[in-house]
Amino acid sequence: MSVATGGSEAAAAAAGGGGTRVFFQSPGGGSGGSSGGAAREDAVSAAVVQVQQRRHQQGKVTVKYDRKELRKRLVLEEWIVEQLGQLYGCEEEEMPDVEIDIDDLLDAANEEERALKLQETLVDCYKPTEEFIKELLTRIRGMRKLSPPQKKSI
């Protein structure tokens with residue numbers, strides 16, 4: 001008995017989408033003679049074509065982001081949530097509705113305008129916010145506003 005997996009491309013593509021299919025063949029093509037083996041090869045070929053088509057379709061909707069910038073943004077957002085938890089003295093779920101929009105801050109004309117926006121956002125915080133605002137403004141310095149991703153045409 002031999003094992004046919006449908007080729008390395010099909011195995012690699014199928015590994016991400018539900019696992020690899022393995023077909024078992026007997027050396028003589030089974031009880032159906034050589035036509036049974038040919039039918040199985042056709043089925044394997046059809047499966048390979050389907051996997052390649054699926055991979056091609058997924059490529060159509062794939063959008064590229066600047067991963068480095070996204071990682072920086074995620075680290076910054078996690079830091080903000082942690083700091084807000086300390087300022088408000090509660091967990092994230094219990095925190096009042098505070099929204100700090102990084103892109104909105106980056107749109108501001110200067111540091112003073114950014115600081116003013118942050119002070120307005122944190123107006124109901126009973127702890128001093130000056131250090132948080134100063135550190136946040138330092139951390140966003142040099143960051144870029146995230147533009148919507150550009151879709152590639154087919």
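Keep in mind that what you see is a predicted model, and the values were worked out from it rather than measured.
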Item to check | Contacts of type side-chain hydrogen bond (donor to acceptor under 3.5 Å, both in side chains), residue Glu69, not counting sequence neighbours | outcome: none

Item to check | Partner residues of Glu135 under the salt bridge (Lys or Arg N to Asp or Glu O under 4.0 Å) criterion, sequence neighbours left out | outcome: Arg139

Next on the checklist: Enumerate the ring pair (Phe, Tyr, Trp, His ring centres under 6.0 Å) contacts for residues 102-121, please, sequence neighbours excluded, ordered by first and then second residue.
Outcome noted: none

Distance-only check: which donor-acceptor pairs under 3.5 Å involve side-chain atoms of residues 74-83, not counting sequence neighbours?
none

Item to check | Straight-line distance of Leu105 CG to Ile100 CD1, nearest 0.5 Å | outcome: 7.5 Å

Next on the checklist: Assigning hydrophobic clusters by single linkage (Ile, Leu, Val, Met, Phe, Trp, Tyr; side-chain heavy-atom cutoff under 4.5 Å), is Leu116 placed with Leu137?
Outcome noted: no

Checklist entry - Taking only residues at least two apart or on different chains, which pairs with a member in residues 99-123 satisfy ring pair (Phe, Tyr, Trp, His ring centres under 6.0 Å)? => result none

Item to check | Qualifying side-chain hydrogen bond (donor to acceptor under 3.5 Å, both in side chains) pairs with a residue from residues 96-109, counting only residues at least two apart or across chains | outcome: Arg73-Asp103, Asp104-Lys117, Asp107-Lys145

Next on the checklist: Listing request: all side-chain hydrogen bond (donor to acceptor under 3.5 Å, both in side chains) pairs with a residue in residues 118-134, at least two apart in sequence or in separate chains.
Outcome noted: Tyr88-Asp124

Checklist entry - About how many Å separate NZ of Lys72 and CG of Leu70, when rounded to the nearest 0.5 Å? => result 11.0 Å

Checklist outcome for this item: Which of Val123, Leu87, Leu122 passes side chain to side chain contact (heavy atoms under 4.5 Å, CB included) with Val98? It is Leu122

Checklist outcome for this item: In this structure, CG of Leu136 is separated from CG of Leu118 (nearest 0.5 Å) by 5.5 Å

Checklist outcome for this item: For Arg114 and Ala108, the nearest pair of non-hydrogen atoms, with its separation, is CG-CB, 3.5 Å

Next on the checklist: Going by side chain to side chain contact (heavy atoms under 4.5 Å, CB included), name the residues that satisfy it together with Arg141, two or more places apart in sequence or in a different chain.
Outcome noted: Glu111, Thr138

